[in-house]
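Keep in mind the model is a prediction, meaning the values are calculated, not measured. Protein chains get the first letters and strands the later ones, always in sequence-line order, with residue 1 at the start of each.
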Amino acid sequence: MKEILAEMITRAAFKAHEQGVLPSDAIPQPGLEEPKQEAHGDFSTNIAMVMAKVQKMAPRKIAEAIVDNLEDPENFLVKTEIAGPGFINFYLRPSLWQRVVKGILDKGDEYGRSQIGAGQKVQVEFVSANPTGPLHVGHGRGAAVGDALAALLDMCGFEVEREYYINDSGRQIRTLGLSCWLRYCELKGKEVDFPQDCYQGDYIKDLAKRIQDENLADLDSMQEEDAVLWCARFAANDILDGIKKDLKDFRVVHDVWFSEQSLYDDNSVQNALEHFEKTGDIYEKDGAKWFKTEDRGDEKDRVVVRNNGLTTYFASDIAYHKNKFDRGFDRVIDVWGADHHGYIARMKAAVDAVGRNKDAFEVVLVKLVNLLRDGEPLAMTTRGGTFETLADVVNEVGADAARFIFLSRHYESPLDFDLELAKKQTNENPVWYVQYVHARICSIESKAKDFPVSLDFDWDRDEEILKEIEEIRLMKALARYPEIVEGAARTLEPHRIVFYLRELASAFHSFYHDHMVLKEDQTPVLTKARLDLVTTVRQVIRNGLALLGVSAPESM
RNA sequence: GCGCCCGUAGCUCAGCUGGAUAGAGCAACGGACUUCUAAUCCGUAGGCCGCAGGUUCGAAUCCUGCCGGGCGUACCA
């Protein structure tokens with residue numbers, strides 16, 4: 001509908017130019033928007049104001065010239081007016097909105113799909129928590145955001161892959177092994193001084209106990225270093241299994257689990273380092289090797305090999321991101337916690353050095369989550385305690401509520417997550433508000449069997465059937481969905497879907513309150529039309545919730 | 001110190017590429033169920049868009065400075 005209008009406006013402007021009314025032929029692409037106020041029509045354009053400078057004319061004069069030259073052979077418009085400083089407002093024939101119903105009925109689950117991605121390959125890497133402890137709520141938000149982004153991009157015609165990067169190498173894995181080993185020693189009754197920088201959580205004790213109880217290894221006869229390594233492997237694998245289970249329960253699925261260690265095993269890290277030493281991007285200073293990131297936009301150069309010979313995380317990250325692009329991705333999106341903020345510039349520099357466009361690598365920084373109960377903050381220590389893990393939260397409030405709330409704000413905004421609120425089955429809880437629409441409509445549909453419904457009804461007939469204001473508003477909201485999806489994908493902002501769904505839900509509830517779908521003294525045609533209308537609402541609610549990874553229940 | 005993000009209604013937050021009288025949810029107040037799920041709806045109230053300049057037909061939006069808050073700034077991960 002917008003395209004048609006834009007076309008009409010452009011044609012009118014050129015016609016006005018040919019007639020000499022508009023001096024310049026520089027006609028910009030008309031921007032059309034839905035005015036905030038219904039009194040300003042269905043669509044409006046500010047093109048006259050935009051052109052004012054070039055045309056050297058008053059905006060309202062330009063608007064007049066355009067309106068005078070509008071051709072509307074199919075009678076789309078019932079009224080056109082010039083308002084304010086030079087807006088042109090368009091009032092559409094109401095029956096035009098009915099076309100959206102047919103469109104959604106035809107497209108079903110595919111309504112909202114677009115091809116703006118044009119088949120470009122995108123990788124979304126998210127969660128990627130170190131396998132040194134269970135996922136906490138912060139990871140949950142990252143998981144919800146990453147998963148929704150992937151779904152959005154997929155819906156917009158990108159070829160998407162979801163990846164989890166496992167930091168299964170390096171010092172912290174050894175620390176994990178040491179922690180586990182020491183707890184094991186404690187169980188054996190040895191006096192142990194448990195260091196501060198070891199992992200304190202009770203889950204480590206549980207692991208040690210399992211090693212003992214299930215007799216998984218003969219640690220006692222091993223050299224201490226071997227025992228620590230064995231513990232490290234065992235603990236990391238077990239914790240990773242736990243992470244996988246937590247994600248599964250949260251309905252998050254990754255396509256690829258990528259091991260950091262594999263980059264060492266196949267010499268990728270080594271090769272990358274050697275390569276950049278040759279190109280001069282890596283140099284030696286103070287016994288360490290530095291990557292020249294400052295020349296590429298970072299604040300300073302960064303160490304990749306420490307003077308003790310050990311590589312830093314940055315070294316493997318360079319190899320990792322090179323690997324990503326080598327796999328043919330046009331865009332690489334990393335979802336990180338906000339505490340990794342300072343890492344972006346150096347990673348972009350590395351991507352630049354690899355010879356890729358810095359803009360092909362994007363980082364979505366997800367701010368932290370404040371867990372509350374009845375408005376009171378809960379302590380978020382790494383030590384075992386009350387509700388801090390993702391699993392606990394999902395257990396308590398359910399995956400639907402958790403995901404919806406995680407996505408209910410811009411990812412860059414800190415998020416308060418109130419456990420009690422998330423569980424409430426009242427209007428304070430936004431999840432239910434949206435899901436309720438779906439359930440209500442399912443209920444109507446199942447009751448519809450007992451009603452006389454016109455069967456030879458045809459949406460192609462251009463007669464006006466749905467003419468109530470609540471119906472028109474609903475259809476307008478439905479029509480907006482595809483561009484909401486596109487906008488959310490373009491800006492990588494899934495929260496837009498949440499806001500949209502609340503609007504659509506609100507429009508539906510208003511309609512529902514004022515008008516009956518199934519009513520005895522109503523024409524079968526109107527019944528059928530309304531039935532189709534609510535079915536399309538259900539469809540769009542379903543499609544939107546699917547993007548968020550939230551279920552659409554048939555009854556509540 | 002430097003860099004990034006943020007400051008919008010009592011609270012939590014939207015606000016697209018600058019557009020008309022700045023929006024929503026919650027909380028508050030007042031109404032609406034003999035009807036397809038009241039987990040709902042309708043109405044009222046609530047604002048110096050942190051402050052001060054600048055850009056222009058027009059600024060919550062763009063630029064500069066200041067104030068206030070968060071984060072980052074490792075031969076850590």
Side-chain angles (χ1 to χ4, degrees), chain A residues 29 31 33 35-37 39-40 44-46 49-50 52-53 58-59 83-87 89 130 132 167 170-173 175 197 285-290 298-300 302-314 317 337-345 365 367-368 375 408-410 412-416 418 421 424-437 439-448 450-451 483-484 486-488 490-491 493 495-496 498-500 502-503 505-506 508-520 527 530-531 534 555-556:
Chain A
Q29 185 67 24
E33 61 173 16
K36 278 174 256 179
Q37 306 199 23
H40 292 147
S44 77
T45 181
N46 63 352
M49 280 120 80
V50 175
K53 194 166 250 174
F87 289 100
N89 296 337
N130 295 339
T132 54
N167 288 118
R171 206 173 71 88
Q172 61 173 350
I173 293 296
T175 304
D197 61 351
K285 192 182 81 177
D286 303 333
K289 290 183 178 175
W290 299 70
D298 197 6
E299 287 171 24
K300 51 179 279 197
R302 307 291 177 174
V303 169
V304 284
V305 183
R306 290 183 271 171
N307 62 11
N308 63 6
L310 295 176
T311 51
T312 63
Y313 252 76
F314 187 40
D317 275 337
D339 52 332
H340 288 69
H341 183 168
Y343 213 77
I344 298 175
L365 272 192
K367 284 263 164 73
L368 41 135
S408 65
R409 304 231 183 304
H410 192 287
E412 233 166 50
S413 175
L415 173 70
D416 288 337
D418 195 307
L421 187 77
K424 273 188 188 163
Q425 303 193 3
T426 71
N427 52 1
E428 287 171 72
N429 187 336
V431 191
W432 300 88
Y433 186 78
V434 174
Q435 289 185 318
Y436 187 43
V437 172
R440 266 187 158 175
I441 295 173
C442 286
S443 172
I444 294 173
E445 286 173 336
S446 74
K447 288 207 165 72
D450 308 329
F451 273 79
E483 60 194 76
I484 296 288
E486 281 187 30
R490 187 169 36 82
T491 56
E493 292 176 350
H495 76 275
R496 293 183 183 207
V498 172
F499 279 84
Y500 168 80
R502 284 214 292 246
E503 271 175 39
S506 170
F508 171 77
H509 285 311
S510 295
F511 160 80
Y512 180 91
H513 188 264
D514 289 349
H515 307 287
M516 301 271 304
V517 176
L518 307 173
K519 206 168 152 195
E520 305 288 358
T527 300
R530 286 191 171 159
L531 203 48
V534 300
S555 67
M556 289 170 75

Is the charged tip of A/Arg496 near the ring of A/Phe499: under 6.0 Å from the six-membered ring centre and within 45° of its axis?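 Geometry flag: not set, cation outside 6.0 Å or 45°.
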What about [X]: does its side chain form a donor-acceptor pair under 3.5 Å with the base of [N]?
{"X": "A/Asp339", "N": "B/C71", "value": "no"}
{"X": "A/Ser44", "N": "B/A20", "value": "yes"}
{"X": "A/Asn89", "N": "B/A20", "value": "yes"}

Distance check needed: [N] [atom2] versus [X] [atom1], whole Å only.
{"X": "A/Arg502", "N": "B/G25", "atom1": "CZ", "atom2": "P", "answer": "9 Å"}
{"X": "A/Asn308", "N": "B/A74", "atom1": "CG", "atom2": "P", "answer": "18 Å"}
{"X": "A/Ile344", "N": "B/U73", "atom1": "CD1", "atom2": "P", "answer": "12 Å"}
{"X": "A/Phe511", "N": "B/C36", "atom1": "CZ", "atom2": "P", "answer": "14 Å"}
{"X": "A/His513", "N": "B/C33", "atom1": "NE2", "atom2": "P", "answer": "9 Å"}
{"X": "A/Arg496", "N": "B/G15", "atom1": "CZ", "atom2": "P", "answer": "6 Å"}
{"X": "A/Glu486", "N": "B/U17", "atom1": "CD", "atom2": "P", "answer": "14 Å"}
{"X": "A/Tyr433", "N": "B/C26", "atom1": "OH", "atom2": "P", "answer": "8 Å"}

Nucleotide by nucleotide, nucleotides 2-10 of chain B touches protein heavy atoms under 4.0 Å in the pattern (B base, S sugar-phosphate only, - none) -BBS-----
So what does [X] hit on the nucleic acid, given a heavy-atom distance under 4.0 Å: a base, only sugar-phosphate, or nothing?
{"X": "A/Ala439", "value": "base"}
{"X": "A/Lys300", "value": "sugar-phosphate"}
{"X": "A/Asn130", "value": "sugar-phosphate"}
{"X": "A/Pro414", "value": "sugar-phosphate"}
{"X": "A/His410", "value": "sugar-phosphate"}
{"X": "A/Tyr436", "value": "base"}
{"X": "A/Gln37", "value": "base"}
{"X": "A/Ser413", "value": "sugar-phosphate"}
{"X": "A/Tyr512", "value": "base"}
{"X": "A/Glu33", "value": "base"}
{"X": "A/Thr132", "value": "nothing"}

Does a side-chain N or O of [X] approach OP1 or OP2 of [N] to a distance below 4.0 Å, or not?
{"X": "A/Lys447", "N": "B/U37", "result": "yes"}
{"X": "A/Ser443", "N": "B/U37", "result": "yes"}
{"X": "A/Ser510", "N": "B/C42", "result": "yes"}
{"X": "A/Arg302", "N": "B/U73", "result": "no"}
{"X": "A/Tyr313", "N": "B/C75", "result": "no"}

May I ask you to decide if A/Met516's main-chain N or O and A/Arg530's side chain share a donor-acceptor pair within less than 3.5 Å?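 Yes, because the side chain of A/Arg530 sits within donor-acceptor range (under 3.5 Å) of the backbone of A/Met516.
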For A/Asp286 and A/Ala288, indicate whether the former's side chain and the latter's backbone hold a donor-acceptor pair under 3.5 Å.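 No, the answer is negative, given that no donor and acceptor are paired below the 3.5 Å cut-off.
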If we take the [atom1] atom in both [N] and [M], what is their distance in whole Å?
{"N": "B/C51", "M": "B/G68", "atom1": "C1'", "result": "10 Å"}
{"N": "B/G53", "M": "B/C67", "atom1": "C1'", "result": "15 Å"}
{"N": "B/A38", "M": "B/C71", "atom1": "C1'", "result": "45 Å"}
{"N": "B/U12", "M": "B/A28", "atom1": "C1'", "result": "16 Å"}
{"N": "B/A39", "M": "B/U21", "atom1": "C1'", "result": "34 Å"}
{"N": "B/C41", "M": "B/U37", "atom1": "C1'", "result": "14 Å"}

Give the C-alpha distance, both sets of side-chain angles, the deciding distance and a yes or no for side-chain contact (heavy atoms from CB on, under 4.5 Å) between A/Thr527 and A/Leu518. CA-CA 6 Å; A/Thr527 300; A/Leu518 307 173; 4.1 Å; yes
Quick test of the criterion, 5.5 Å between centres and less than 30° between planes. Is A/His509 stacked on B/A38 or not?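 According to the criterion (under 5.5 Å, under 30°), no, A/His509 does not stack.
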Does the side-chain ring of A/His495 sit on the six-membered ring of the B/A14 base, less than 5.5 Å centre to centre and under 30° in tilt?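 The base of B/A14 is not stacked with A/His495 (the test needs centres under 5.5 Å and planes under 30°).
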Stems where RNA chain B pairs, listed by first number, each of three or more Watson-Crick or G-U pairs under 3.5 Å: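 Consecutive-pair runs (3 or more) involving RNA chain B: B:1-5 with B:69-73, B:10-13 with B:23-26, B:28-32 with B:40-44, B:50-54 with B:62-66.
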Just so I know, are the side chains of [X] and [Y] near enough to count as touching, which here means a heavy-atom distance under 4.5 Å?
{"X": "A/Phe511", "Y": "A/Val517", "result": "yes"}
{"X": "A/Tyr512", "Y": "A/Ile444", "result": "yes"}
{"X": "A/Lys519", "Y": "A/Phe451", "result": "no"}
{"X": "A/Phe508", "Y": "A/Ile441", "result": "yes"}
{"X": "A/Gln172", "Y": "A/Tyr313", "result": "yes"}
{"X": "A/Lys367", "Y": "A/Leu415", "result": "no"}
{"X": "A/His495", "Y": "A/Ser408", "result": "no"}
{"X": "A/Arg409", "Y": "A/Val498", "result": "no"}

Any idea which of [options] is nearest the [X] side chain?
{"X": "A/Phe499", "options": "B/A14, B/A77, B/C75", "answer": "B/A14"}
{"X": "A/His40", "options": "B/A20, B/C36, B/A32", "answer": "B/A20"}
{"X": "A/Met556", "options": "B/U37, B/C75, B/G15", "answer": "B/U37"}

Can you work out whether A/Ala52 or A/Val517 has the more 5'-proximal nearest nucleotide on RNA chain B?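 Checking each residue's closest nucleotide, the 5'-ward one belongs to A/Val517.
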Hey, which of these two, A/Asn46 or A/Arg171, hits RNA chain B nearer its 5' end, going by closest nucleotide?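 So the residue in question is A/Asn46.
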If anything within 90° of 0 is syn and all else is anti, what is B/C67?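 Base orientation: anti.
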Distance, nearest 0.5 Å, that separates CG of A/Leu365 from NE2 of A/His340: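 So the CG of A/Leu365 and the NE2 of A/His340 are separated by 9.5 Å.
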When rounded to the nearest 0.5 angstrom, what distance separates CZ in A/Arg171 from CG in A/Leu310?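 If we round to the nearest 0.5 Å, A/Arg171:CZ and A/Leu310:CG are 9.5 Å apart.
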